[in-house]
Novice: 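I'd like to ask some things about the structure below.
Numbers restart at 1 for each chain; the letters A, B, ... are given by sequence-line order, proteins then strands. Every heavy atom of this structure was used, including side-chain atoms; hydrogens, water molecules and symmetry mates were not.
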Amino acid sequence: MREAKGKGDGQENAPNFIHDLVREDVRTGKHGGVVVTRFPPEPNGYLHIGHAKSICLNFTTAALSDQGRCHLRFDDTNPEAEDVEYVESIRQDVRWLGFDWGSHEYFASDYFERLYQCAVDLIRRGLAYVDSQSLAEIRERRGDFYRPGVNSPFRDRSVEENLDLFARMRAGEFDEGAHVLRAKIDMASKDVNLRDPLMYRIRKVTHHRTGDDWCIYPMYDYAHPMSDAFEGVTHSICTLEFAHHNPLYQWFVSHFEFDPVPRQYEFARLNLTYTVMSKRLLKRLVEEGHVGGWDDPRMPTIAGMRRRGYTPSAIRRFAERIGVSRRDSLVDVGLLEHALREDLNATSPRTMAVLRPLKLVIENLPEEEEIELVAPYSPDDPSFGSRRLYLTRELFIEQEDFMEEPMKKWFRLAPGREVRLRYGALVTCNEVIKDGSGSIVELRCTWDPESKGGNAPDGRKVRGTIHWVSAKHAVDAEVRLYDRLFNEENPLDESHEGDFTRRINPASLEIVRGAKLEPSLAGRGPGERVQLERLGYFVVDPDSTPDRPVYNRTIQLKDSWAKLAGKG
RNA sequence: UCGGGGAUCGUCUAACGGUAGGACUCGAGAUUCUGGUUCUCGCUAUCUAGGUUCGAAUCCUAGUCCCCGAGCCA
């Protein structure tokens, strides 16, 4: 696969405070100049473009040092929400984006025994205790933003009793909710996360990897920093909502002799216009049938974008261009689309297809004649090669490319007007045939045989060039035209009426069944990308078969005519 | 009523006491067998009010607004 070269893709000095800071650490030789990062998804859903930003950041940050590496770690500490189904999809998505974690694939669940032993160690040192309050009591005694918490009556249990209780929790002697293990920090802390946070809870649930080996499971706040430390992570990068956990993160890792001691850094998560990014909301779109699934081409999931025809390098370049900072932002999806077009423009072969066919008959071309033409796949790069087209008496052109009463600045076909059939010939429209109801069904034209191939023989100016296919050679196809999923920049804006699903764009998918493809488009397999000239970039959908090709519109070309026409 | 984070063109993001720059968008033009691409030019910003300084987006003071935080979720 060709890649757009030149501007971007790792070469630019992208704005990124994490990179700045890590470069400084490398320069000063911190951790021996080595940088270890990790991408830590919970296997409970599909990855989306927001995760892509994080993946790019983690991998490119690690690449800042020669011996740097980025781990893929599944944060699977909550068996109730997680499933192996997601593990493979996550691997596939990260790989597809172009990143390689080598042998460094880990699961928090692989650390359960070690985490348990570390917890025992904390108990021995009087830094953790078993609390036997009910959930409601714990919540009540935690206090709130304005009032400090109150110590649990179980806070001062002896080490022996704690050890015994914790062992029996593990052994399955207690019901869910009977006890929890808590870190003994400070119930009066202004930071509610430090008010004796829970480390373990009892869950008699089968884990997707450890089965029924465990009935106590560590909490994120404990498992995450420890996992980072076990793996030798140096820079633990996460989104801003975890900033409050940083003191706790440090508390845990500082109580053991880790080298290096990992440190957490936070950045602002990605928000994009005209979509939603939360797993919960995306799940609703799927479950309520607003879209066809997690890989629906309208979804901002990696799987959806892949099916839509996005390229990994466009996503990477986008991630790099938007930069990394600590401010909340809502990135214009136009930035993503620009990166996409930039890549597709450089890599897609040009072909022709007609979405809404209008028959055009060349009266001075005999029925049996087939004029063979060679058309390049790229207007400016011969290495793309070429394919054959056939000019015949009956052709299809786009309904939109004919206007019976042309408005001003109309360059396309109209009665008495001459246009160029792309790589074909110059044709002039003589007559418009209509059916009983007055709709145009056919155009009668003549062609200038001197213009074969599309060149004006005498250098005469022909402003309009339109796409076409030979009726005899055309292949029928289904084409799915996708547009943005929501009508509003921010579907979650509270000033709107009702639920966010009310902002779904009813025209986000239009299925065109009678599209006519040029022959070269028929044999292409799922994932192949092309430009349909003047229409946009398209990709073959997995639903496609040799007899029944299905193309998805990835994105339209920029259209300055639409802009002009729109202004009246 | 608490704690933490953050405010720079329409959008994203630089400038770290010394010319507010880049990308996207938008506008004008050139080129063009895609009203595409490419090229040229242009418009648009430091949250507010004070202060320090020869000089402030940057430092100080006081405000304002936004985001996050009280799961046995991550």
Novice: Please tell me which of the listed nucleotides, B:rC72, B:rA74, B:rG36, lies nearest to the side chain of A:Arg139?
Specialist: B:rC72
Novice: For a quick check of understanding: with a heavy-atom distance under 4.0 Å over all strands, which category does A:Ser134 fall into, base, sugar-phosphate or nothing?
Specialist: base
Novice: If the plane angle is over 60° it's perpendicular, under 30° parallel, otherwise tilted; pick one for A:His71 and A:Tyr106.
Specialist: tilted
Novice: On a whole-Å scale, what distance lies between the C1' atoms belonging to B:rC59 and B:rG27?
Specialist: 39 Å
Novice: Whole-Å distance between B:rA23 C1' and A:Leu340 CG?
Specialist: 16 Å
Novice: Taking the side chain of A:Asn78 as heavy atoms from C-beta outward, which of B:rC12, B:rA70, B:rC73 is closest to it?
Specialist: B:rC73
Novice: Within the structure shown, what part of the strands sits under 4.0 Å from A:Arg412 by heavy-atom distance: base, sugar-phosphate, or nothing?
Specialist: base
Novice: On a whole-Å scale, what distance lies between the C1' atoms belonging to B:rG55 and B:rG18?
Specialist: 7 Å
Novice: Looking at B:rG6, I'd like to know if its phosphate oxygens (OP1 or OP2) sit under 4.0 Å from a side-chain N or O belonging to A:Ser325.
Specialist: no
Novice: Assign A:Leu535 to base, sugar-phosphate, or nothing according to its heavy-atom contacts below 4.0 angstrom with the strands shown.
Specialist: nothing
Novice: What is the distance, rounded to the nearest whole Å, between atom CG of A:Leu336 and atom P of B:rC24?
Specialist: 14 Å
Novice: List the steps and the verdict of side-chain contact (heavy atoms from CB on, under 4.5 Å) for A:His207 and A:Trp214.
Specialist: CA-CA 8 Å; A:His207 185 279; A:Trp214 294 86; over 6 Å; no
Novice: Is A:Glu24 paired with A:Arg27 through a side-chain N to carboxylate O contact shorter than 4.0 Å?
Specialist: yes
Novice: Within the structure, does a side-chain N or O atom of A:Ser329 lie under 4.0 Å from either OP1 or OP2 of B:rU11?
Specialist: no
Novice: Is any side-chain N or O of A:Arg534 closer than 4.0 Å to OP1 or OP2 of B:rG35?
Specialist: yes
Novice: Under 4.0 Å between any heavy atoms, over every strand shown, what does A:His245 touch: base, sugar-phosphate, or nothing? Just pick one.
Specialist: base
Novice: Between B:rG69, B:rG36, B:rC72, which nucleotide gets closest to the side-chain atoms of A:Leu135?
Specialist: B:rC72
Novice: Check the distance between B:rC2's C1' and A:Met187's CE and give it to me in whole angstrom.
Specialist: 16 Å
Novice: Which of the following nucleotides, B:rC72, B:rG35, B:rC12, is nearest to the side chain of A:Ile322?
Specialist: B:rC12
Novice: Strictly below 4.0 Å: does A:Arg142 bring a side-chain N or O up to OP1 or OP2 of B:rC72?
Specialist: yes
Novice: With a non-hydrogen cut-off below 4.0 angstrom, is A:Met219 in contact with a base, only sugar-phosphate, or nothing?
Specialist: sugar-phosphate
Novice: Return yes if some donor-acceptor pair links the side-chain N/O of A:Glu82 with the main-chain N/O of A:Glu42 below 3.5 Å, else return no.
Specialist: no
Novice: Answer with base, sugar-phosphate or nothing: what part of the nucleic acid does A:Arg195 contact at a heavy-atom distance below 4.0 Å?
Specialist: nothing
Novice: Name the pairing partner of B:rG3, where a pair is Watson-Crick or G-U wobble with both distances under 3.5 Å, or state none.
Specialist: B:rC68
Novice: Both A:Asp191 and A:Phe242 contact RNA chain B. Which one's nearest nucleotide lies toward the 5' end?
Specialist: A:Asp191
Novice: For B:rG27, does either OP1 or OP2 sit under 4.0 Å from a side-chain N or O belonging to A:Lys563?
Specialist: yes
Novice: Just to confirm, is there a sub-4.0 Å distance from OP1 or OP2 of B:rU34 to any side-chain nitrogen or oxygen of A:Arg463?
Specialist: no
Novice: Rounding to the closest angstrom, what is the interatomic distance between B:rU37 and B:rU11 at atom C1'?
Specialist: 24 Å
Novice: Do we see A:Tyr146 stacking on the base of B:rC2, given a limit of 5.5 Å between centres and 30° between planes?
Specialist: no
Novice: Suppose you measure atom C1' in B:rU1 against the same atom in B:rG69; what distance do you get, rounded to whole Å?
Specialist: 16 Å
Novice: With a 4.0 Å cut-off on heavy atoms, is A:Pro41 in touch with a base, just the backbone sugar-phosphate, or nothing at all?
Specialist: nothing
Novice: Say we look at B:rA57 and B:rC2: how far apart would their C1' atoms be, to the nearest angstrom?
Specialist: 31 Å
Novice: For A:Leu557, which contact category applies under a 4.0 Å heavy-atom criterion: base, sugar-phosphate, or nothing?
Specialist: base
Novice: NA contact type, A:Glu137, heavy-atom cut-off 4.0 Å: base, sugar-phosphate, or nothing?
Specialist: nothing
Novice: So what's B:rA62 paired with, Watson-Crick or G-U wobble, going by both distances under 3.5 Å?
Specialist: B:rU48
Novice: Could you check whether A:Val331 gets within reach of a base, just the sugar-phosphate, or nothing at all, counting any heavy atom under 4.0 Å?
Specialist: sugar-phosphate
Novice: Taking for each residue the nucleotide of RNA chain B with the nearest heavy atom, is it A:Ala136 or A:Asp380 whose nucleotide lies nearer the 5' end?
Specialist: A:Asp380
Novice: May I ask you to say what A:Gln531 touches in the nucleic acid, namely base, sugar-phosphate or nothing, with a heavy-atom cut-off under 4.0 Å?
Specialist: base
Novice: Using a 3.5 Å distance criterion without hydrogens, assess whether the side chain of A:Glu533 forms a donor-acceptor pair with backbone atoms of A:Arg422.
Specialist: no
Novice: On the six-membered ring of A:Tyr274, is A:Arg484 placed so that its NZ or CZ lies under 6.0 angstrom from the centre and within 45° of the ring axis?
Specialist: yes
Novice: Is A:Glu533 touching bases, backbone alone, or none of the nucleic acid, heavy atoms closer than 4.0 Å?
Specialist: base
Novice: Could you let me know what B:rU40 is paired to, Watson-Crick or G-U wobble, both distances under 3.5 Å, or none if it's on its own?
Specialist: B:rA28
Novice: Using a cut-off of 4.0 Å on non-hydrogen atoms, how would the nucleic acid contact of A:Asn44 be classed: base, sugar-phosphate, or nothing?
Specialist: nothing
Novice: Would you indicate, yes or no, if B:rC24 has its OP1 or OP2 atom less than 4.0 angstrom from a side-chain nitrogen or oxygen of A:Arg321?
Specialist: no
Novice: Could you give the distance separating B:rG22 and B:rG36 at their P atoms, to the nearest angstrom?
Specialist: 24 Å
Novice: Tell me which nucleotide among B:rU11, B:rG36, B:rC67 gets nearest to the side chain of A:Asp332.
Specialist: B:rU11
Novice: Pick one for B:rG71: is it syn, with its angle within 90° of 0, or anti?
Specialist: syn
Novice: Over how many whole Å does the gap from A:Glu342 atom CD to B:rG36 atom P extend?
Specialist: 17 Å
Novice: So, A:Tyr220 and B:rA74: ring centres less than 5.5 Å apart, planes less than 30° off, yes or no?
Specialist: no
Novice: Any base atoms under 4.0 Å from A:Ser189, or only sugar-phosphate, or nothing? Heavy atoms, all strands.
Specialist: nothing
Novice: Can you tell me how far C1' of B:rU1 sits from CZ of A:Arg147, to the nearest Å?
Specialist: 12 Å
Novice: Give, for atom CZ of A:Arg139 and atom OG of A:Ser134, the distance between the pair rounded to the nearest 0.5 Å.
Specialist: 9.5 Å
Novice: Taking only the side-chain nitrogens and oxygens of A:Arg201, find out if one of them lies under 4.0 Å from OP1 or OP2 of B:rC73.
Specialist: yes
Novice: In whole Å, I'd like the distance from the CG atom of A:Asp131 to the P atom of B:rG71.
Specialist: 15 Å
Novice: Ignoring backbone atoms, test whether A:His338 places a side-chain nitrogen or oxygen under 4.0 Å from the OP1 or OP2 oxygen of B:rC24.
Specialist: yes
Novice: If we check side chain to side chain contact (heavy atoms under 4.5 Å, CB included) with A:Ile55, which of these qualifies: A:Thr60, A:Val94, A:Asp93, A:Ile302?
Specialist: A:Val94
Novice: Are any of the side-chain heavy atoms of A:Met187 and A:Val150 separated by less than 4.5 Å?
Specialist: no
Novice: Please indicate yes or no: is the ring centre of A:Phe145 less than 5.5 Å from the centre of the six-membered base ring of B:rG3, with the two planes inclined by under 30 degrees?
Specialist: no
Novice: Give a yes-or-no answer on whether the side chains of A:Tyr220 and A:Asn78 include a donor-acceptor pair shorter than 3.5 Å.
Specialist: no
Novice: Look at the side-chain N and O atoms of A:Arg327 and state whether any lies under 4.0 Å from the OP1 or OP2 oxygen of B:rA14.
Specialist: yes
Novice: Would you indicate, yes or no, if B:rC73 has its OP1 or OP2 atom less than 4.0 angstrom from a side-chain nitrogen or oxygen of A:Arg203?
Specialist: yes
Novice: Answer yes or no: does a side-chain N or O of A:Lys558 lie under 4.0 Å from OP1 or OP2 of B:rU37?
Specialist: yes
